[in-house]
Colleague: 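Next up is a structure, given as structure tokens.
Along the sequence shown, residues carry numbers from 1.
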Amino acid sequence: MLVVAGCAGVGSGGPAEGDADAASASALAVVASFYPLAYAVERVGGDAVSVTDLTPPGTEPHDLELTPDDLVSIAEADVVVYLGDGFQPVVEDAVGAEATGTTVDAFAAVEPLPASSGDGGADPHVWLDPTLFAEIVDAVAAALGETRPADAPRFLANARSVREDLATLDREFRRGLAECASRVLITNHAAFGYLAAAYDLRQEAISGLSPESEPDAARIAMLAAEAQAAGVTTVFTEDLISPEVAESLAAEAGLETAVLSPLEGLTDVQIAAGEDYLSVMRRNLEVLRGGLDCA
């Protein structure tokens, strides 16, 4: 079973070498559907869990196709953590058909925002608001504790530690985005609604909730005009999808581009560099401060 990449060192410390086999044998088998959930499980579970991330590094989670081995992992897992409401329908279907252990729909742990892009339904990108992500962390701790009551105090203590990290991150965002020349966030797709709502920004997405949706020429022209009227200087592209449309808008409106990660997954480069949720979010903050001309 694959241990999720990018989360090394975030647990409460591994077992001594002589106890490694015993610890591995007794670890809870947890399947997480994509990176943010895998990160939450790894932080909360520490060396008491063995985590399989269904979404490979560098893969857009909307594009995930499950393998037969993935289905076996879901069927044999003690706990499966996924994000419902259609974010990864193939995972939801597999969980309903195959899972025999505890299942956790992380979306049920939060109060979702309606989609702001006209797609209908709710915006799934809840992990980009650290305070909401903390609610998911608590739901993970509760599920792990119910599955293994003997370790429940440890899981709760780890969750409190993650909550403290997320509270610090939230304060950094509030301070860093308090005074900006522009509060309009033009993004490649509508992934940043929760971040915008949390920090008094206004998201204007080129395409909708699905990165594959194609905007029409009228939408591009409208955003170009709005950018000029609002004093916007930057269009934010992403790391896991093509920047072509965003770069076209930037060229039409005479704007710069900058990469803002929706943290749907890590790239191989980020994993090799030891990046994780917190470090990527902090880089997002610096990118936002530069692109929005914050004091």
Colleague: For the side chain of Arg289 and the backbone of Leu177, is there at least one donor-acceptor N/O pair under 3.5 Å apart?
Modeller: no
Colleague: Identify the two heavy atoms, one from Pro112 and one from Tyr194, that lie closest to each other, and give their separation to 0.1 Å.
Modeller: CA-OH, 3.3 Å
Colleague: What I'd like to find out is whether the side chain of Tyr82 reaches to under 4.5 Å of the side chain of Asp105, using heavy atoms alone.
Modeller: yes
Colleague: Less than 4.5 Å apart, any side-chain heavy atom of Asp78 and any of Val30?
Modeller: no
Colleague: What pairs of donor and acceptor atoms, side-chain ones from residues 222-234 against any protein atom, are under 3.5 angstrom apart with sequence neighbours left out?
Modeller:
| unit_1 | atom_1 | unit_2 | atom_2 | d |
| --- | --- | --- | --- | --- |
| Glu226 | OE2 | Arg202 | NH1 | 2.6 |
| Glu226 | OE2 | Arg202 | NH2 | 3.2 |
| Thr233 | OG1 | Gly291 | O | 3.1 |
| Thr234 | OG1 | Gly291 | O | 3.4 |

Colleague: In the single-linkage hydrophobic clustering (I, L, V, M, F, W, Y; side-chain heavy atoms under 4.5 Å), do Val31 and Leu71 co-cluster?
Modeller: yes
Colleague: Would you indicate whether the side-chain heavy atoms of Val259 and Val287 approach each other to under 4.5 Å?
Modeller: no
Colleague: Quick check: closest heavy atoms across Ala159 and Ala141, and the distance to 0.1 Å?
Modeller: CB-CB, 3.7 Å
Colleague: Taking side chain to side chain donor-acceptor pair (under 3.5 Å) as the test, write out the residues that go with Arg282, two or more places apart.
Modeller: Glu172
Colleague: Using the rule given for side chain to side chain contact (heavy atoms under 4.5 Å, CB included), can you reason through Leu169 versus Leu285, listing the C-alpha separation, both sets of side-chain angles and the distance that settles it, and then say yes or no?
Modeller: CA-CA 10 Å; Leu169 182 67; Leu285 175 57; over 6 Å; no
Colleague: Is there a donor-acceptor pair closer than 3.5 Å between any side-chain N or O of Thr168 and the backbone N or O of Glu164?
Modeller: yes
Colleague: So do the side chains of Leu37 and Val104 get within less than 4.5 Å of each other, counting heavy atoms only?
Modeller: no
Colleague: Against Tyr277, only a single residue in Trp127, Tyr35, Phe133 fulfils ring pair (Phe, Tyr, Trp, His ring centres under 6.0 Å); can you say which?
Modeller: Phe133
Colleague: Is there a donor-acceptor contact under 3.5 Å linking the side chains of Ser261 and Asp239?
Modeller: yes
Colleague: So Leu66 and Ile74, side chain to side chain contact (heavy atoms under 4.5 Å, CB included) or not? Walk me through it.
Modeller: CA-CA 10 Å; Leu66 297 179; Ile74 290 170; 4.2 Å; yes
Colleague: Would Val110 and Asp129 count as a side chain to side chain contact (heavy atoms under 4.5 Å, CB included) if you check the C-alpha gap in whole Å, the side-chain angles of each, and the deciding distance to 0.1 Å?
Modeller: CA-CA 11 Å; Val110 302; Asp129 178 342; over 6 Å; no
Colleague: Taking only distance into account, with no hydrogens and no angle test, what donor-acceptor pairs under 3.5 Å do side-chain atoms of residues 87-103 form with protein atoms, sequence neighbours excluded?
Modeller:
| unit_1 | atom_1 | unit_2 | atom_2 | d |
| --- | --- | --- | --- | --- |
| Gln88 | OE1 | Ser33 | OG | 3.1 |
| Gln88 | NE2 | Thr55 | OG1 | 3.3 |
| Gln88 | NE2 | Pro61 | O | 3.1 |
| Glu92 | OE2 | Asp85 | N | 3.4 |
| Glu92 | OE2 | Gly86 | N | 2.6 |
| Thr100 | OG1 | Ala75 | O | 2.8 |
| Thr102 | OG1 | Thr147 | OG1 | 3.2 |

Colleague: Is there a path of hydrophobic side-chain contacts, each under 4.5 Å between heavy atoms of I/L/V/M/F/W/Y residues, joining Phe34 to Phe107?
Modeller: yes
Colleague: When clusters are formed by joining ILVMFWY residues with side-chain heavy atoms under 4.5 Å apart, either directly or through shared neighbours, do Leu156 and Leu144 land in the same one?
Modeller: no
Colleague: Does Asp70 have any side chain to side chain donor-acceptor pair (under 3.5 Å) partners at least two apart in sequence or in another chain, and if so, which?
Modeller: Thr67
Colleague: Could you tell me if the side chain of Leu64 sits less than 4.5 Å from the side chain of Pro56, heavy atoms only?
Modeller: yes
Colleague: If the condition is ring pair (Phe, Tyr, Trp, His ring centres under 6.0 Å), which residues does Tyr199 pass it with, not counting sequence neighbours?
Modeller: Phe173
Colleague: Can you name the residues that form a side chain to side chain donor-acceptor pair (under 3.5 Å) with Glu247, not counting sequence neighbours?
Modeller: none
Colleague: Does the side chain of Glu135 come within less than 4.5 Å of Glu111's, by heavy atoms?
Modeller: no
Colleague: Donor-acceptor pair, distance only, cut-off 3.5 Å: does the side chain of Asn188 make one with the backbone of Thr237?
Modeller: no
Colleague: Find out whether His125 and His189 are in side-chain contact, i.e. whether some heavy atom of one side chain is under 4.5 Å from a heavy atom of the other.
Modeller: yes
Colleague: Is any side-chain N of the basic residue among Asp276 and Arg43 closer than 4.0 Å to the acidic one's carboxylate O?
Modeller: no
Colleague: Are Val79 and Val41 packed together at the side-chain level, in the sense that at least one heavy-atom pair is separated by less than 4.5 angstrom?
Modeller: no
